[in-house]
Structure formats: C-alpha cells, structure tokens
Amino acid sequence: MTQAATATADVPYFNVADPAFSVQSEEVRRAREQGWYARTNYGIAVLRYDEVKRLLKHPRLRQGSARWPEHHGITTGPFAEWWANWVLNKEGEDHHRLRRLMNPAFSRRLISGLVPRFRALAGELVDGFAEPDRCEFVSEFAEPYAARVIAIMLGLPEEEWPVIARDSATIGLAMGVTIAEDLPRIEAALDTLYGYVDELIDDRLREPRDDFVTRLVQAERDQDRLSRVELRDSMILLIFGGFDTTRNQLGLAMRTFLRHPDQWRLLGDRPELGAAAVEEVMRVNPTTTWVTREALDDFTFEGVDIAAGTTVHLFTESAGTDPRAVPGGGFDITAERPPHFGFGGGAHHCLGHFVARCDMSEALPLLARRMRDPRPGGEVRSLPLSGNTGPITLPVAFTPGS
C-alpha cells in the first residue's frame, strides 16, 4: 500500500483497522504532541487542527473515501457499485452537477418549516419512555428520533421508521472497520432500501408534493438532470446518512454530557444554547472520527513528501481538541470555538449539515429539561472508536423534569 515517502520509522504508527484502536487514545494524544501526523496501515493520519484545516481543501488531494471498500478487498458487487456512485465519491464536474441538482431539496425554507415537528417529536418520545426515570437512550430516543426525522423529511408515514432504522443502521456498518465481515448484511439491507426508494420515487412521479423527495424527482426530470440510477443511489445515501449520523451523534452527545453534568444543567436552563451545544459536542466527540482524502499526485506538505495514491485520514476529534487551536479546550457550550470538521469541508462539505444541526439543536435542549441530572444506568456498548462511531446501547437514569 502506498505510503508517504518520508514516513520513517520514528513517526508513530497506528493500526486503524484494529477494532480496538481508538482515535481518542493516549497514543494518539502523544503522537499529536510529537508531530502533526502519524503513519497508518492505510497511509497517514493528520492529528493537528491547522494541518487538518489546510489539507481539507488542498488542491493536490481528492475525496478519499472512494477507496474504502477496496482497502477491505471489496471491488465488485451491489455495494461496491452503489458506493462508487455517491456524490461524496465523485470529483470535478460530476460532483458539481450532482450537488447542484440535489441542493434545492436541502433548502433552508423547506427544512426550517419542519423544525416545530422535530421539537414535538422529541417531546413525544420522552413522554413514551417505558419508565419515567430511566431509558435505553439509543433504542428509546436516538434511533426513533433520527429515523422519524427522515420519515418527516421524505413525507413517509412515521410508523414506518423501523424499516428506515433497521436497514440504515445495517448499511452504516460499511463506515466502520468491520465492513468486510458485515458485507452480506449490508448488501441485503441495500437491496431492501432500493425497493423502498423505487416505490417512493414512483409515488412522487404520480403525485408531486412540496417536499424533499419531489424536489429530487423534479431534478431527474430536468434537462440537466439526475439519472434514475443517480436518483436512487442518492436517496439511499441521504436516508442512511441522515439516520446513521444523527443517531450516533445524539448518543455521543448524551455520553459527553454525562461527563459534564454542569453543562447539561446549563443547557436545560438556557435552551437557546442548543445550536452551540451541537457544535461543541461535534468538536470533542464526533461520530465521523476521520475525514478521508487521497493524494492525486506526488507533493510535499510541511516537509513531508506524500506520494500519489496515499490515503490521508484527517482526524476530526484530534484536530478539534488540539490545544494549539483550543487552549485549555475543556467542554463548554458557551465558549467561542474555531469551526470543527465533523461535517467535512471544502467541496465535499456535508450536504445535509443544516438538517442535522436543526434536528439535534431542537432535541438536546428539550432532553436537558426533561431528563434532569442524568447518570449512567447500566452497561454501555459501542461501535469501535474509529471510522464512524457511536453507542449501540446507552442506559441512562435521570430525574424527570417538566
């Protein structure tokens, strides 16, 4: 595998494919103090804020996730084809065209009009907890909230959220380091969602609405348009991406606030801090633990020769907690912070970032009011702390609030 030419033995090495590896580990912290990068079994990892910021938009780098399946021996089949068709994995005019056609579906007017429904949904889910003073946060809140937000956006019956949740969560395993062993389940879930999306597209062709899906379907009809394959693949990406990241990020937010109860109380008392709370959580505990780029050709950066084809992982949490960028950077939802990289950056900045920011900034203040003094309520199980991460189960005990 291609490596940076000057990545010599004295530079720290991480086996980021090992499920036991953690991007938040002390070995990463030590490496960040030693220098701005480390070697990995894929290429290099960039650890400091300034270098991550500059490399996100570097002209010699392209989006690097296209080779993720190949790193794990997956080069053919339905999943490999779908992955290759992502807007995220396109470059140049193909990428610009897809984003241009998809952007209208993410209009602020359309999304802002859904915010009151997001708020009502959060309250409804808390009211529905099986016990008044404890919950399994992932299955009772984060998962149904994320899936039903997608259903609301797509104009689907909200009772169909378990289909969205089940298959999106399975496809989300592709973002983790166990992708090869999970591939049969991933492809089965992808097949189910293709059928689901085809029915949805045909429905909007017959009966257009003022909604997200109709905007995308209309983009298929335009002269400069999405093909049917692009439309199907893009919709599945939006369904799974919107669900998987929101579910994981809400779970990580709760874990973060469990370690900072004073900040949770503050958020409950000052709900206007909801948007700031989302940004601060994503700075210190993002579900997307690295943003990936690939070297287009040989170039030198900060004295390091990087060979064409090198995979460059930009460690988002390590950058966000870099003391050079955030001196004394404790968790504080009232503090001014530099931008985090949880939604990527540059030409490939996340299309759905406004949706995620809206739905989470509505949910967190309401939870802080209704779940006072939260504390661990049992065993936590989590995905590996690399790739895309988040809790699988998160029992929480709390004092009911109003």
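For the numbers below, each heavy atom of this structure counts, side chains included, while hydrogens, waters and symmetry mates do not.
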Kindly give the heavy-atom pair with the smallest separation between [X] and [Y], and that separation in Å.
X: Val213; Y: Arg204; result: CG1-CG, 3.5 Å
X: Ser318; Y: Leu47; result: OG-O, 2.7 Å
X: Gly251; Y: Ala142; result: N-CB, 4.5 Å
X: Asp332; Y: Gln263; result: CA-OE1, 3.4 Å
X: Ala295; Y: Ala307; result: CB-O, 3.4 Å
X: Met360; Y: Pro365; result: O-CD, 4.3 Å

Mind checking the [atom1]-[atom2] spacing from [X] to [Y]? Nearest 0.5 Å is all I need.
X: Phe315; Y: Thr289; atom1: CZ; atom2: OG1; value: 6.5 Å
X: Glu26; Y: Gln24; atom1: CD; atom2: CD; value: 11.0 Å
X: Phe21; Y: Thr40; atom1: CZ; atom2: OG1; value: 8.5 Å

One thing to verify: whether [Y] and [X] come together as a salt bridge, which I'm taking to mean a side-chain N less than 4.0 angstrom from a carboxylate O.
X: Arg228; Y: Asp202; answer: yes
X: Arg209; Y: Asp203; answer: yes
X: Glu158; Y: Arg117; answer: yes
X: Glu33; Y: Arg324; answer: yes
X: Asp50; Y: Arg32; answer: no

Carefully, step by step, assess Leu394 and Val380 under the rule side chain to side chain contact (heavy atoms under 4.5 Å, CB included).
CA-CA 5 Å; Leu394 180 58; Val380 177; 3.6 Å; yes

So which of Glu317, Glu279, Glu280 actually passes side chain to side chain donor-acceptor pair (under 3.5 Å) with His340?
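For His340, the side chain to side chain donor-acceptor pair (under 3.5 Å) test succeeds with only one of Glu317, Glu279, Glu280, which is Glu279.
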
Would you sort out whether Phe257 and Leu367 count as a side chain to side chain contact (heavy atoms under 4.5 Å, CB included), showing the intermediate values?
CA-CA 11 Å; Phe257 278 110; Leu367 289 166; over 6 Å; no

Testing Asp244, Ile150, Asp167 one by one against Ile239 for a side chain to side chain contact (heavy atoms under 4.5 Å, CB included), which residue passes?
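Among Asp244, Ile150, Asp167, the one that satisfies the side chain to side chain contact (heavy atoms under 4.5 Å, CB included) with Ile239 is Ile150.
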
Taking the six-membered ring for Trp and the single ring otherwise, decide whether the centroids of Phe240 and Trp82 are under 6.0 Å apart.
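Yes.
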
Is the distance between the ring centroids of Trp68 and His72 less than 6.0 Å?
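Yes, they do, as the ring centres are separated by less than 6.0 Å.
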
Evaluate the side-chain hydrogen bond (donor to acceptor under 3.5 Å, both in side chains) criterion for residues Tyr37 and Glu302: first the C-alpha distance (whole Å), next the side-chain angles of each, then the deciding distance (0.1 Å), finally the verdict.
CA-CA 10 Å; Tyr37 78 103; Glu302 290 295 316; over 6 Å; no

Tell me, with the steps shown, if Arg255 and Phe137 meet side chain to side chain contact (heavy atoms under 4.5 Å, CB included).
CA-CA 10 Å; Arg255 291 203 73 177; Phe137 186 77; over 6 Å; no

Using a 4.5 Å cut-off on heavy atoms from C-beta on, say whether the side chain of [Y] contacts that of [X].
X: Leu55; Y: Arg293; result: no
X: Glu143; Y: Phe243; result: yes
X: Asp127; Y: Arg370; result: yes

Return yes if some donor-acceptor pair links the side-chain N/O of Asn285 with the main-chain N/O of Ala253 below 3.5 Å, else return no.
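Not at all, since once roles are kept as given, no pair shorter than 3.5 Å links the two residues.
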
Thr170 (side chain) donor-acceptor with Arg185 (main chain) under 3.5 angstrom
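The answer is no, because no donor-acceptor pair under 3.5 Å joins these two groups.
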
Going through the checks in order, is the salt bridge (charged side-chain N to carboxylate O under 4.0 Å, His left out) test met by Arg247 and Asp359?
CA-CA 11 Å; Arg247 177 201 57 179; Asp359 61 34; over 6 Å; no

Is there a side chain to side chain contact (heavy atoms under 4.5 Å, CB included) between Phe301 and Ile44 once you walk through the steps?
CA-CA 12 Å; Phe301 180 81; Ile44 65 171; over 6 Å; no

One pair to check against side-chain hydrogen bond (donor to acceptor under 3.5 Å, both in side chains): Asp10 and Gln34. What are the steps and the verdict?
CA-CA 10 Å; Asp10 61 336; Gln34 181 176 332; 5.8 Å; no

Could you walk me through whether Arg283 and Glu336 pass the salt bridge (charged side-chain N to carboxylate O under 4.0 Å, His left out) test, one step at a time?
CA-CA 12 Å; Arg283 177 181 73 85; Glu336 291 289 330; over 6 Å; no

